Q: 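My structure is below; once you've seen it, I'll send some questions.
The shown structure was predicted, so the numbers you read here are calculated from the model rather than taken from an experiment. For ligands, and for the atoms within them, numbers begin at 1 and follow the listed sequence. Atoms considered below: every heavy atom in the structure, side chains included; atoms not considered: hydrogens, waters and symmetry mates.
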Amino acid sequence: MRILLLGGDGYLGWATAMYLSHQGDEVTVVYNYFRRRACLELDCEPLFPVPNLHRRAALWEAGSGFKVKVQIGDACDYPFLQDIFRRFQPEAVVHYAEQPAAPYSMMGHKEAIFTLTNNLVSTANVIHAVKATNLDCHLVKLGTMGVYGTPNIDIEEGYLEVEHKGRKHTCLYPKAPGSLYHLTKAQDGDMLYFYCRIWGIRVTDLNQGPVYGIDTDESRQDDRLAPIFNYDDIFGTVLNRFLVQAVAGIPLTVYGQGGQTRGYLNIRDTLACVELALRHPANPGQYRVFNQFAETFSVNDLAKKVQDAGRDLGLEVRIQTIPNPRQEAEQHYYQPVHTGLLSLGLEPHYLDKPILQEMLLKVAQSRERIRRELIMPRVHWEVK
Ligand code: USQ
């Protein structure tokens, strides 16, 4: 399949590009270096050094024989994007080119406007490029479980059947995102649903939970192919952060009561889910939503698991409750349905002790690169 992957250098983007090219797909990646620039500006480089995207593609090709074509540019630049669509004629496009960090989106006006503009304009551009070149091109967009918030009822996959005053209707599941970043994912979903109805485009929205993991089968060939792995307070996600904290002897930073429950998945499962979505495309006019995660944990559950896995490796892992910099429910009901991808054949990895210990050992190899000052949260949601 000819696949255009937007956001091809990020934590998931590069891993997905290698994985799909390994499956025999023809992959072109597009990247604007946002994440790397933001890390430079905020002085929060990833744990492992990562060569630039052209170098990564060359290393991958030299080691594996599989090619990933690289185009440097911005999905918000419509003439650039349209030109790539015209030249490459993708049968599917994977849209990862959104600003992915909740704390970044809540830093201030500049970051808020960037997140809004980047995430919504890139999505609008992709939709228009699909219409202009090939309406049949399947658009797979990375969404987030965070669009639903934490409602006191079960979370369905995208839609909710409602009975109201004796009549029934199926509508998009109500959204209550907890950061501006998450809000943009709710808004882009609405936009995609709109164009599915109006122009008949075919879309899969993958509402993903927080991802953990350090490497994939493909990146294991060469450490320089590893995903960009952030552990700082802005771009690091909770379990990846806890692994680094455990190795550095920093007490695990549980925000608030730690009852915040989310659906987690291994980075390998992200790749499998995206592939399943691509191989089983949505129908023309269909806005299809999958909830993409393997299992749910509270922050306290994760901290205890890391503590337990670390103990056997001789790490004394302490857990610390710190004031929550975010505004979110710290004790809540959480029961999301996630049967769609399982029914397509997903066989998830589960977070067990061997997986945690393998990740801890890998982090420990770069122990001297850990910067303790990147751990404590700097971005607060509330108005002070
Ligand atoms: N948390 C802590 N301690 C930490 C870091 C986070 O207790 O040191 C808590 C947060 O308050 C939150 C939970 O852990 O309740 C998850 O936080 P996170 O930073 O791992 O994830 P989040 O900001 O929600 O965003 C991440 C990705 C985002 C993706 C989302 C899926 O950055 O791109 O969409 O996970 S979800 O969380 O389901 O919305």
Q: Counting non-hydrogen protein atoms only, what is the nearest one to atom 38 (O) of ligand 1? Give residue, atom name and distance.
A: M145 CB, 3.3 Å

Q: Which residue owns the protein heavy atom closest to atom 33 (O) of ligand 1, what's the atom, and how far is it?
A: P100 O, 2.8 Å

Q: Tell me yes or no: between the side chains of T16 and Y96, is some donor less than 3.5 Å from an acceptor?
A: yes

Q: Using a 3.5 Å cut-off on N or O atoms only, is F242 in polar contact with ligand 1?
A: no

Q: Under 4.0 Å from a heavy atom of G146: which atoms of ligand 1 are those, numbered in the order shown and with their elements?
A: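 Per the distance check, 36 (S), 38 (O), 39 (O).
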
Q: Taking distance alone, with no angle check, do V299 and ligand 1 share an N/O pair under 3.5 Å?
A: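 No, there is no polar N/O contact under 3.5 Å.
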
Q: Which residue holds the protein heavy atom closest to atom 27 (C) of ligand 1, what is that atom called, and what is the gap in Å?
A: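 Going by distance alone, atom 27 (C) of ligand 1 is nearest to T237 CG2, 3.7 Å.
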
Q: List every atom of ligand 1 that sits less than 4.0 Å from any heavy atom of R241, numbering the atoms from 1 in the order shown and giving each element.
A: 4 (C), 5 (C), 8 (O)

Q: Remaining members of Y78's ILVMFWY cluster at a side-chain heavy-atom cut-off under 4.5 Å?
A: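 Under the 4.5 Å side-chain rule, Y78 groups with nothing.
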
Q: Check each of D233, N300, T144 against atom 31 (C) of ligand 1 and report the one with the nearest heavy atom.
A: T144

Q: Is ligand 1 less than 4.0 angstrom away from at least one heavy atom of Y181?
A: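 It does, in that a heavy atom of Y181 comes within the 4.0 Å cut-off of ligand 1.
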
Q: Does the distance from a Lys or Arg side-chain N to an Asp or Glu carboxylate O, for R241 and D233, drop under 4.0 Å?
A: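 Salt bridge absent between R241 and D233.
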
Q: Tell me the protein heavy atom at minimum distance from atom 1 (N) of ligand 1, and give that distance in Å.
A: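 Here the closest protein heavy atom is Y255 CD1, 3.4 Å.
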
Q: Side chain, backbone, both or neither: which part of E328 has a heavy atom under 4.0 Å from ligand 1?
A: side chain

Q: So that I can tick it off, tell me whether R35 and D9 are bridged by a salt bridge, with the cut-off set at under 4.0 angstrom between side-chain N and carboxylate O.
A: no

Q: What are the two closest non-hydrogen atoms of S122 and E98, and how far apart are they?
A: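 Minimum heavy-atom separation between S122 and E98: OG-CG, 4.2 Å.
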
Q: Give yes or no for whether the N/O distance cutoff of 3.5 Å, strictly under, is met between R326 and ligand 1.
A: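 Yes: some nitrogen or oxygen of R326 is under 3.5 Å from one in ligand 1.
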
Q: Could you tell me whether P210 approaches ligand 1 through its side chain, its backbone, both or neither, with non-hydrogen atoms closer than 4.0 Å?
A: both

Q: Can you list the ligand 1 atoms lying under 4.0 Å from a non-hydrogen atom of Q208?
A: 31 (C), 38 (O)

Q: Around atom CZ of R37, are there more than 12 heavy atoms of other residues, nucleotides or ligands at under 6.0 Å?
A: yes

Q: Answer yes or no: are there more than 12 heavy-atom neighbours, outside E316 itself, under 6.0 Å from its atom CD?
A: no

Q: Could you tell me which atoms of ligand 1, counted from 1 in the order shown, lie closer than 4.0 angstrom to a heavy atom of A102?
A: 23 (O)

Q: State plainly whether the residues D205 and R288 are in salt-bridge range, i.e. N to O under 4.0 Å.
A: no

Q: In ligand 1, which numbered atoms sit nearer than 4.0 Å to a non-hydrogen atom of Q260?
A: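 Within the 4.0 Å cut-off of Q260, ligand 1 contributes 11 (O), 15 (O).
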
Q: May I ask you to check if ligand 1 and H182 share an N or O to N or O distance below 3.5 Å?
A: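 There is such a contact, yes.
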
Q: Which residue and atom name correspond to the protein heavy atom nearest atom 8 (O) of ligand 1, and how close is it?
A: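 Sorting protein heavy atoms by distance from atom 8 (O) of ligand 1 puts T253 OG1, 2.8 Å first.
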
Q: Using a strict threshold of under 4.0 Å (side-chain N to carboxylate O), is an ion pair present between R2 and E26?
A: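 Looking at R2 together with E26, the answer is no, because their closest N to O distance does not fall below 4.0 Å.
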
Q: Strictly by modelled atom types, are Y19 and D217 linked by a side-chain donor-acceptor pair under 3.5 Å?
A: no

Q: Within the 4.5 Å heavy-atom criterion, are L361 and Q365 side-chain neighbours or not?
A: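 Heavy-atom side-chain distance check fails, nothing below 4.5 Å.
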
Q: Provide the closest heavy-atom pair for A101 versus Y181 in the form atom of the first, atom of the second, distance.
A: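 Between these two residues, the closest heavy atoms are O-CB, 3.7 Å.
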
Q: Please write down residue, atom name and distance for the protein heavy atom closest to atom 20 (O) of ligand 1.
A: V238 N, 2.7 Å

Q: So, is A101 polar-close to ligand 1, with some N/O to N/O distance under 3.5 Å?
A: no

